[in-house]
K.L.:
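Here you go, one structure.
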Protein chains: 2
Amino acid sequence: MKADCFDDALRELRERGFKLTPQRRAVLELFCSDGARHLTAQQAHDAIRGREPNVGLVTVYRCLELFTNVGILDKIKFNDGFDRYELHGGASGHHHHLVCTECGHVVEFGDCLIRSIERKLEKMSGFCIEGHWLELIGQCRECRERTEEDD
Amino acid sequence: MKADCFDDALRELRERGFKLTPQRRAVLELFCSDGARHLTAQQAHDAIRGREPNVGLVTVYRCLELFTNVGILDKIKFNDGFDRYELHGGASGHHHHLVCTECGHVVEFGDCLIRSIERKLEKMSGFCIEGHWLELIGQCRECRERTEEDD
DNA sequence: CGGTAAATGAAAACCACTTTCAATTATCAT
DNA sequence: ATGATAATTGAAAGTGGTTTTCATTTACCG
Ligand SMILES: [Mn+2]
Ligand SMILES: [Mn+2]
Ligand SMILES: [Zn+2]
Ligand SMILES: [Zn+2]
């Protein structure tokens, strides 16, 4: 439980005039805890229900949208039909995800070369590039070895 | 209307034992025509209705799925909630898309550096990478200039 | 404390997409 | 051609994540 991030987020919300409700605190606590990464709304709701039964799924959806607009969370898409969320910048700043098609295991990796591609493209296309989505999919080592055993 | 692509696709379908229905011909004709790029099922349906009123939206969905499985079309995601389709390989092979957030204008660009990122990541993570999905968003020159005028 | 506007939650709506199933039709053997 | 057969079609209903509605509750400020 990273206390810094929790307090910073509360301050940000207060400064912008949003009410600090128990529901919002619960969602914030979850995402500031260590185990919470790349959660869907449903997963976040399930995780919260244990301690705070009085938080509706709809409110979780609204918190996730609000926190994303305020810059506390990032919305991620693994292209699996679910919107997912993590702390803005994650553990180590802007990064992308490599997702296992078998077990869902996620590896994070830094920005690397996308920025230079962006600069080239801005010159070529005349666009002002605002952002990018990059997702890689494959099989993790464990799943690959398990699959080979089956043959 | 690229006749080659249309005939190749028909042959591919016939060889695999699929029936050559008027509906399938109509969808194929559309995607082999010059103006058709990155179409949603609804857009494809709208475009077809003029000439062939007897094609249901459901059948368009089924054609798009079939043609993707057979390798005639590629499914693309612009992260806007719609599945989009274009001729397999597009104009110039594997490529990615730079989409304007204002007007939807799309610029295509080649694979460039993603492959080398993939190779690095395979060594680092142990994954066997099967594919990637990259989308860039921004404002095209026209929309940027129009926005600046408004100030 | 009240007053007030924001926030909540249950239910219903939304919407792209998929499934169901009875009717139609392309294909092929006769 | 003709008929048998299984694939294909389309209207309608279903799916599932997300959003909206609206009556009720509540955090916040004076
Ligand atoms: Mn992450
Ligand atoms: Mn393209
Ligand atoms: Zn795995
Ligand atoms: Zn534009």
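Sequence lines set the chain letters: A, B, ... in the order given, protein chains first and strands last, and positions in each chain run from 1.
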K.L.:
Could you tell me whether the side chain of A:His88 and the main chain of A:Gly93 form a donor-acceptor pair under 3.5 Å?
P.N.:
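Checking the backbone N and O of A:Gly93 against the side chain of A:His88, no donor-acceptor pair under 3.5 Å is found.
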K.L.:
With a non-hydrogen cut-off below 4.0 angstrom, is B:Leu57 in contact with a base, only sugar-phosphate, or nothing?
P.N.:
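Counting heavy atoms under 4.0 Å across all strands, no contact is made by B:Leu57.
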K.L.:
Between B:Asp83 and A:Gly56, which has a closest nucleotide on DNA chain C that is more 5'?
P.N.:
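Taking each residue's closest nucleotide, the earlier one in sequence belongs to A:Gly56.
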K.L.:
To the nearest angstrom, how far is B:Glu15 atom CD from C:dT27 atom P?
P.N.:
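Spelled out: CD on B:Glu15 to P on C:dT27 is 14 Å.
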K.L.:
Residues in side chain to side chain donor-acceptor pair (under 3.5 Å) with B:His38, at least two apart?
P.N.:
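Listed in chain order: B:Glu86, B:His97, B:Glu108.
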K.L.:
Respond yes when some side-chain nitrogen or oxygen of A:Tyr61 is under 4.0 Å from OP1 or OP2 of D:dT19, and no when none is.
P.N.:
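Indeed not, no polar side-chain atom of A:Tyr61 lies that close.
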K.L.:
Using every non-hydrogen atom in the two residues, find where B:Val99 and A:Phe127 come nearest and quote the distance to one decimal.
P.N.:
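Nearest pair, atom of B:Val99 first, then A:Phe127: C-CE2, 3.7 Å.
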K.L.:
C:dA7 C1' sits how many Å from A:Arg25 CZ, rounded?
P.N.:
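One finds 14 Å between C1' of C:dA7 and CZ of A:Arg25, rounded.
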K.L.:
Want to settle it: does B:Val58 or B:Pro22 sit nearer the 5' end of DNA chain D, counting the closest nucleotide to each?
P.N.:
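Nearest nucleotide further toward 5': that of B:Pro22.
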K.L.:
Atom CZ of B:Phe78 to atom C1' of C:dA16: distance rounded to whole Å?
P.N.:
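Rounding to the nearest Å, CZ of B:Phe78 and C1' of C:dA16 are 17 Å apart.
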K.L.:
Taking atom C1' of D:dG17 as reference, at what distance in whole Å does atom CG of B:Asp80 sit?
P.N.:
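After rounding, the gap between these two atoms is 16 Å.
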K.L.:
Ignoring backbone atoms, establish whether A:Arg24 has a side-chain N or O less than 4.0 Å from OP1 or OP2 of C:dA7.
P.N.:
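Yes, A:Arg24 has a side-chain N/O under 4.0 Å of OP1/OP2 on C:dA7.
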K.L.:
Considering heavy-atom distances to DNA chain C, does B:Arg14 or A:Asn54 have its closest nucleotide positioned more toward the 5' end?
P.N.:
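Whichever sits nearer the 5' end wins; that is A:Asn54.
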K.L.:
Measure CZ/A:Arg49 against C1'/C:dT8 and give the value in whole Å, please.
P.N.:
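The distance from CZ of A:Arg49 to C1' of C:dT8 comes to 15 Å, rounded to the nearest Å.
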K.L.:
What is the distance, to the nearest angstrom, from the CZ atom on A:Phe82 to the P atom on C:dC17?
P.N.:
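A:Phe82 atom CZ is separated from C:dC17 atom P by 16 Å.
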K.L.:
Looking at A:Arg84 and A:Asp74, would you say the former's side chain and the latter's main chain have a donor-acceptor pair under 3.5 Å?
P.N.:
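Looks like no, no N/O pair under 3.5 Å.
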K.L.:
D:dT18, D:dG10, D:dC28: which one has an atom nearest the side-chain heavy atoms of A:Ala41?
P.N.:
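Nucleotide nearest to A:Ala41's side chain: D:dT18.
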K.L.:
Which nucleotide in the set C:dA5, C:dA16, D:dT18 lies at the smallest distance from any side-chain heavy atom of A:Lys19?
P.N.:
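Comparing C:dA5, C:dA16, D:dT18 against the side chain of A:Lys19, the answer is C:dA5.
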K.L.:
Looking for any heavy atom pair under 4.0 Å, which part of the strands does A:Gln42 touch: base, sugar-phosphate only, or nothing?
P.N.:
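It contacts nothing in the nucleic acid.
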K.L.:
Think A:Gln23 has a side-chain N or O under 4.0 angstrom from the OP1 or OP2 of D:dT26?
P.N.:
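It does not, given that no N or O in the side chain of A:Gln23 lies less than 4.0 Å from OP1 or OP2 of D:dT26.
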K.L.:
Check the SG atoms of B:Cys100 against those of B:Cys143: under 2.5 Å or not?
P.N.:
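Cystine link not detected, SG atoms outside the 2.5 Å cut.
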K.L.:
Measure from CZ on B:Arg62 to C1' on D:dA7 and round the result to the nearest Å.
P.N.:
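Going from B:Arg62 (CZ) to D:dA7 (C1'), I get 11 Å.
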K.L.:
For D:dT9 and B:Thr21 - does any side-chain N or O of the residue sit under 4.0 Å from the phosphate oxygens OP1/OP2?
P.N.:
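Yes, B:Thr21 has a side-chain N/O under 4.0 Å of OP1/OP2 on D:dT9.
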K.L.:
Starting at CD of B:Glu65 and ending at C1' of D:dT9, how long is that distance when rounded to a whole Å?
P.N.:
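From B:Glu65 CD to D:dT9 C1': 15 Å.
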